S.K.: 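The structure under discussion is supplied below as C-alpha cells; questions concerning it will follow.
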Amino acid sequence: MLFNSFAFLFLFLPITIAVWQLLRRQTGLRVALGWLVLASLFFYAVWDIRYLSVLLTSICINFWIGGRILTAKQRNDEPIAKRWMIAGISFNLLLLGGFKYAYFLASNLFTAFHLPPPFSPLVLPLAISFITFQKIAYLVDCRRGLVIHHNVLDYLFFVSFFPQLIAGPIVHHKPLIAQTLEGKNLLFGQTEKMVTAFAFFSIGLFKKVILADSLARYASPVFELAQNTVPGGEAAWQAMLAYTLQLYFDFSGYSDMAIGLALLFGFKLPINFASPYKATSIIDFWRKWHITLSDFLRDYLYIPLGGNRKGNIAHYRNLWLTMLLAGVWHGAGWNFILWGALHGTLLLLNHAWRNMLDKMPRVAMIWRRIPVIFPGSLTFLMVAFAWVLFRATDLISAARLYSALLHPFSGTALPTLPWHSAGQMLEGFLGAAPDLGWIWVSVGLLIVVMLPNSAKLLSYDPTPNTALKLNLRFTIGLLSGTCLWLALKWMAVRPATEFLYFNF
C-alpha cells in the first residue's frame, strides 16, 4: 500500500487511527499496540501476501535468538552470547542474500562459462533490506546490553510499525520502545503533535507527488534511451540533475511522511535528511543524507572493523570497505558496487585533503576564505555524477550517459515548444513538455538550496519522550494545507507511483 494513494489516505489511515484512539482510551496502550501491529502486518500484506510468511518467520527466529543472547548475558556467558549473535546475523544475511543477491551471483558465474543462469530472478520481498538492518542492530544491541525489555509485542511493534516498515528510517529498538510507556510519553496528550504530524505528512506528500514524480518524467526517458544509444549532451545533463533531485524529493518525502504518520500515533522517528545538497564536502554529505543508514554503517560496521583506531591506512581501508558494502546493500549489480566504491574513494580523498589542510595552515586559511558556493557546488556535482551509476540499469548504459555528459553540446538539442497561453504552459507542466525540464530542475534546485528542510522548518526534535514546540502555527497550517490540496489535485490526474527506495 502506498502512502500516496487514496486507499491509504481515506480508508486505511482513518480506520487505523480511529481504532487506535478508541482502544488506547478504553483498554490501555498494550491492546492498542496489538491493533497497530495487526494493522501494520495488513499494510505489508496488501503488497504481496505471499511474503508476509517470510516476514513473520524472520521475526520469530530473530526474537528467539535475541532471547538466547539475553539469557547468555544474564549468565555472564559472553562466548555463548557472541555465538548466538553471529548465528542470528548469519541467518539475516543469508536470507537477504538468497533473495537479493543469489541471481546476481549465479548469473555472473554462469555467464563466465557462457551458460544461461540456472534460475530466473527472484521477486524481492518488500522492505527486506531495511528490516534486515533493524534486526541485525537489535541482535547486536542485545549482546551489548542495550536491550532491557524483551517481549514479543514490543518486538513485533518495533519491526513492523507501518510508517517506517518499507523504507525507513532505520529505527533502533531502545528509543522506539521507550516511547510505549504511556505515563512518560508526552506526545500522547499534546495538541502540537497533530499540527506537526499534518505538516510533515503534507510536505512529504507534496515532495513525492508533485516534485519527485514530475522530475521523473524528465529523467526516466533519457536513462531508458541510454540502454540502446548515447543520448544528447543536453538531455543527459537534464536527466542527471532531474534524477538527482527526484531521488532526494522521493526519499526525503517518504521520510517526512513516515515521521508525520508516527506522530499521529504519538511516536517519534529519527530524522533521515538534513539538507544534504547544501553539503560542502562528501563527508558533510554523508552526515546529512540517509542519516540512519550512515549511523548504522558507522556503529555496526565501520567501528567493529576498527574505525580510525589503528592509523590512517586502516582508517581509510575501513572507510572504503564500509562504503563498498553500502553500495552492495542498495542493490545486486555492478553499478551499485561501483557507486559504493566511488563514494568510498571520494571520502578518502576528502579525508586526505583535510589532513593536508591541518598540516598546511596557510593553505587552510586561503581555503576557508573561498565562498561556500564553490565547495558546495563541487560536492553537489560529484554526488550527481555518482547518481548516474545508481540509476543506470547497467554499466553500459552508465558509460553512454557519462559519454554524453562529457560532451554537453553533442547530439540533438531538446525541442522548444511554442506557448500561446497560460493554459498551454500548465498542460506542459502536467505533460512533461521537453523544454520545461530545465524549469523543473531550477525549481528543485532553488527549493533544496534556499529553503529549510522539513525538520528545521517545523522545529522537530527527534529525542524520544519530549514535547514538541511548533512556532508560527497559523503559517505552518496554511502551508501544509496548500501542500496537501495541491498534492491531492495532482493525485487525481496522475496514477500513484512507487517510492524509489522500495527497489532497494
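Note that the structure is a prediction, hence the values are computed from the model and not measured.
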S.K.: Are Asp256 and Phe273 close enough that some pair of their side-chain heavy atoms sits under 4.5 Å apart?
M.R.: no

S.K.: Give a yes-or-no answer on whether the side chains of Lys288 and Ser294 include a donor-acceptor pair shorter than 3.5 Å.
M.R.: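 Result is no, nothing qualifies.
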
S.K.: Any salt bridge linking Lys174 with Asp141? Criterion: basic side-chain nitrogen under 4.0 Å from a carboxylate oxygen.
M.R.: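 Salt bridge flag = no for Asp141 with Lys174.
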
S.K.: Decide whether Ser275 and Asn453 meet the rule of one side-chain donor and one side-chain acceptor closer than 3.5 Å.
M.R.: yes

S.K.: How about Phe158 and His173: are their ring centroids closer than 6.0 Å?
M.R.: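 Distance test on ring centres: under 6.0 Å, yes.
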
S.K.: If you look at every heavy atom in Val363 and Leu357, which pair is closest and at what distance?
M.R.: CG1-CD2, 3.7 Å

S.K.: Quick check: do Ile177 and Tyr155 have side-chain heavy atoms less than 4.5 Å from each other?
M.R.: no

S.K.: Return the minimal non-hydrogen interatomic distance between Asp299 and Arg144, and the atom names on each side.
M.R.: O-NH2, 3.2 Å

S.K.: How close do Tyr254 and Ala167 get, counting heavy atoms only, and between which atoms?
M.R.: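 So the minimum-distance heavy-atom pair works out to OH-N, 3.3 Å.
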
S.K.: Nearest 0.5 Å please: distance from the CG atom of Leu93 over to the NZ atom of Lys135.
M.R.: 11.0 Å

S.K.: Which atom names give the shortest non-hydrogen contact between Leu305 and Arg317, and what distance separates them?
M.R.: O-NH2, 4.1 Å

S.K.: Could you walk me through whether Trp20 and Leu29 pass the side-chain contact (heavy atoms from CB on, under 4.5 Å) test, one step at a time?
M.R.: CA-CA 9 Å; Trp20 158 264; Leu29 184 60; 3.5 Å; yes

S.K.: Would you say Thr322's side chain and Leu297's backbone share a donor-acceptor pair under 3.5 angstrom?
M.R.: no

S.K.: Which value, rounded to the nearest 0.5 Å, describes the distance between Phe200 atom CZ and Leu269 atom CG?
M.R.: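 One finds 10.0 Å between CZ of Phe200 and CG of Leu269.
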
S.K.: Nearest 0.5 Å please: distance from the CD1 atom of Ile170 over to the OG1 atom of Thr132.
M.R.: 10.0 Å

S.K.: Taking all atoms of both residues into account, what is the closest heavy-atom pair of Ala137 and Phe296, and its distance?
M.R.: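 Looking at all heavy atoms of both residues, the shortest contact is CB-CE1, 3.8 Å.
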
S.K.: Donor-acceptor pair, distance only, cut-off 3.5 Å: does the side chain of Tyr277 make one with the backbone of Thr244?
M.R.: yes

S.K.: Just so I know, are the side chains of Thr345 and Met323 near enough to count as touching, which here means a heavy-atom distance under 4.5 Å?
M.R.: no

S.K.: Show the numbers, then the answer: is there a side-chain contact (heavy atoms from CB on, under 4.5 Å) between Asp394 and Asn335?
M.R.: CA-CA 6 Å; Asp394 51 48; Asn335 52 324; over 6 Å; no

S.K.: Any donor-acceptor pair under 3.5 Å linking the side chain of Trp84 with the backbone of Gly66?
M.R.: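 Checked: no pair found.
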
S.K.: Check whether any side-chain N or O of Trp35 sits under 3.5 Å from a backbone N or O of Thr16 as a donor-acceptor pair, and report yes or no.
M.R.: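 A pair under 3.5 Å: yes.
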
S.K.: More than 12 foreign heavy atoms under 6.0 Å from CD1 of Ile396: is that the case here?
M.R.: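 Not buried by this count: 12 neighbours or fewer within 6.0 Å.
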
S.K.: Parallel under 30°, tilted from 30 to 60°, perpendicular over 60°: which one fits the rings of Phe201 and Phe3?
M.R.: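 Answer is tilted, since the angle falls between 30° and 60°.
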
S.K.: Can you check whether Trp329 and Phe130 have ring centres sitting under 6.0 Å from each other?
M.R.: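 When the ring centroids of Trp329 and Phe130 are compared, they turn out to be within the sub-6.0 Å range.
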
S.K.: Write down the atom of Leu346, the atom of Met382, and the distance for their closest heavy-atom approach.
M.R.: CD2-SD, 3.8 Å

S.K.: So, the side chain of Lys268 versus the backbone of Asp461: is there a donor-acceptor pair under 3.5 Å, distance only?
M.R.: yes

S.K.: Do Phe336 and Phe104 have ring centroids that are under 6.0 Å from one another?
M.R.: no

S.K.: Does CZ in Phe12 sit with more than 12 non-hydrogen atoms of other residues, nucleotides or ligands closer than 6.0 Å?
M.R.: yes

S.K.: Side-chain contact, heavy-atom cut-off 4.5 Å: Leu342 with Phe385?
M.R.: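 A side-chain contact is absent here, since even the closest heavy-atom pair is not under 4.5 Å.
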
S.K.: To the nearest 0.5 angstrom, please state how far the CG atom of Leu457 sits from the CG atom of Leu451.
M.R.: 8.5 Å

S.K.: Does the Asn350 side chain pair with the main chain of Ile283, one donor and one acceptor, at a distance under 3.5 Å?
M.R.: yes

S.K.: Given side chains that start at C-beta, do those of Val383 and Ile282 come closer than 4.5 Å, heavy atoms only?
M.R.: yes

S.K.: Check whether His343 reaches the backbone of Trp339 with its side chain - one donor and one acceptor, N or O, closer than 3.5 Å.
M.R.: no

S.K.: Take the angle between the ring planes of His172 and Tyr300 and call it parallel below 30°, perpendicular above 60°, tilted in between.
M.R.: parallel

S.K.: I'd like to know if the side chain of Asn272 and the backbone of Thr292 have a donor-acceptor N/O pair within less than 3.5 Å.
M.R.: yes

S.K.: Between Ser58 (side chain only) and Val54 (backbone N and O only), is there a donor and an acceptor less than 3.5 Å apart?
M.R.: no

S.K.: Hey, are the side chains of Leu52 and Tyr44 touching, using non-hydrogen atoms and a 4.5 Å cut-off?
M.R.: yes

S.K.: Spell out, as yes or no, whether a donor-acceptor pair under 3.5 Å connects the side chain of Asn318 to the backbone of Asn308.
M.R.: no

S.K.: Between Tyr302 and His315, is the side-chain contact (heavy atoms from CB on, under 4.5 Å) condition met? List the steps.
M.R.: CA-CA 9 Å; Tyr302 171 70; His315 166 51; 2.6 Å; yes

S.K.: Quick one: pull up CG in Leu245 and CD1 in Ile447 and give me the separation to the nearest 0.5 Å.
M.R.: 9.0 Å

S.K.: Any chance the rings of Trp387 and Phe390 have centres within less than 6.0 Å?
M.R.: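 Yes, the ring of Trp387 comes within the 6.0 Å limit of the ring of Phe390, centre to centre.
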
S.K.: Under 4.5 Å between any side-chain heavy atoms of Phe249 and Val448, yes or no?
M.R.: yes

S.K.: Using a strict threshold of under 4.0 Å (side-chain N to carboxylate O), is an ion pair present between Arg298 and Asp295?
M.R.: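 The answer is yes: the pair qualifies as a salt bridge.
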
S.K.: Report yes if the side chains of Phe8 and Leu261 come closer than 4.5 Å at any heavy-atom pair, otherwise no.
M.R.: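 Counting from C-beta outward, Phe8 and Leu261 do come under 4.5 Å.
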
S.K.: Give the C-alpha distance, both sets of side-chain angles, the deciding distance and a yes or no for side-chain contact (heavy atoms from CB on, under 4.5 Å) between Tyr138 and Asn62.
M.R.: CA-CA 9 Å; Tyr138 177 80; Asn62 275 273; 5.8 Å; no

S.K.: What's the separation between atom CD in Gln134 and atom CD1 in Ile136, rounded to the nearest 0.5 Å?
M.R.: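 If we round to the nearest 0.5 Å, Gln134:CD and Ile136:CD1 are 11.0 Å apart.
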
